[in-house]
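Down below is the structure, laid out as structure tokens.
Numbering of residues begins at 1 and proceeds along the displayed sequence. All values derive from a computational prediction rather than experimental measurement. Only heavy atoms go into these numbers, but all of them, side chains included; no hydrogens, no water, no symmetry mates.
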Amino acid sequence: MQYYIIYNGQQVGPMEKENLVNYGLSPTSKVWAEGMPNWVEAHTVADLHSLLYPNSESSASEYEQSSQCAKMPNEITFGDAIKICFNKYADFNGRARRSEFWWFYLFTFIVGLIPYLGYVASIALLIPSLAVGARRLHDTGRSGWWQLLALIPCIGAIILIIWWCEDSKGDNEHGPSPKYPGV
């Protein structure tokens with residue numbers, strides 16, 4: 001059976017199931033194969049359990065009982081957002097979900113409050129903040145260049161905040177929807 005996986009916000013495949021590990025296969029990775037009605041988390045596909053849980057026969061049920069499974073499908077946590085944004089430090093391509101953008105924005109705000117370190121950190125976080133802002137605008141079907149509106153006092157920031165708050169749209173010229181893969 002040939003599988004597809006969502007890797008760095010992009011659909012990759014088709015490939016044999018053994019190759020999924022090269023694309024960071026985890027229990028929460030989104031996968032799809034012919035015959036599946038929708039994209040699903042890898043831990044729900046029995047055929048992938050041998051790759052996900054190589055040393056245990058009962059690891060799948062252990063995962064389902066763990067606190068990680070309490071997370072809603074596709075939900076991005078505070079830690080996930082920080083990790084994603086640092087992994088895509090200067091990546092202005094692709095799309096970012098609202099949760100990814102706002103969690104990282106909160107992180108940069110909190111770091112900015114730290115005396116002395118906040119100034120240096122704010123400068124270091126400028127590029128990933130611009131990158132996630134561009135990816136967020138891509139998710140709404142706009143160019144990342146619209147961030148230049150921030151240079152217009154008051155009005156520019158208000159317009160950007162409204163756009164950053166908009167929900168994901170389906171697939172667009174910037175890639176597949178990170179919120180609704182396969183839609």
Donor-acceptor pair, side chain of [X] and main chain of [Y], under 3.5 angstrom:
| X | Y | value |
| --- | --- | --- |
| Asp91 | Asn93 | yes |
| Trp103 | Ile76 | yes |
| Trp32 | Met36 | yes |
| Asp139 | Arg97 | no |

key: Residue list, ring-ring contact (aromatic ring centres under 6.0 Å, His included) with Tyr3, at least two apart or on another chain   =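 For Tyr3 there are no ring-ring contact (aromatic ring centres under 6.0 Å, His included) partners, ignoring immediate neighbours.
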Assign the ring pair [X] / [Y] to parallel, tilted or perpendicular, where the plane angle (0 to 90°) is split at 30° and 60°.
| X | Y | value |
| --- | --- | --- |
| Phe101 | Trp164 | tilted |
| Phe104 | Phe107 | tilted |
| Tyr23 | Tyr7 | perpendicular |

message = So, applying side-chain contact (heavy atoms from CB on, under 4.5 Å) with Ile158, which one of Ile155, Ile162, Leu160 is it?
response =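 With Ile158 as partner, Ile155, Ile162, Leu160 yield a single side-chain contact (heavy atoms from CB on, under 4.5 Å), made by Ile162.
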request  = Output the rest of the hydrophobic cluster of Ile114: all Ile, Leu, Val, Met, Phe, Trp and Tyr residues reachable through side-chain heavy-atom contacts under 4.5 Å, sorted by chain and number.
outcome  =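 Members besides Ile114, by chain and number: Leu117.
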ask   = Does the distance from a Lys or Arg side-chain N to an Asp or Glu carboxylate O, for Lys83 and Asp80, drop under 4.0 Å?
value =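 Result for this pair is no, no salt bridge flagged.
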inquiry  = Do the side chains of Arg135 and Glu100 get close enough for a salt bridge, i.e. N-O under 4.0 angstrom?
reply    =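 A salt bridge is present here (some side-chain N lies under 4.0 Å from a carboxylate O).
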task = Indicate, with yes or no, if Met1 and Val45 share a hydrophobic cluster defined by side-chain heavy-atom contacts under 4.5 Å among Ile, Leu, Val, Met, Phe, Trp and Tyr.
result =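 Yes, it is one cluster - the side chains of Val45 and Met1 are joined through contacts under 4.5 Å.
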request  = Validate the cation-pi geometry between Arg142 and Trp163: distance from NZ or CZ to the six-membered ring centre under 6.0 Å, angle to the ring axis within 45°.
outcome  =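 The answer is yes; both the distance and angle limits are met.
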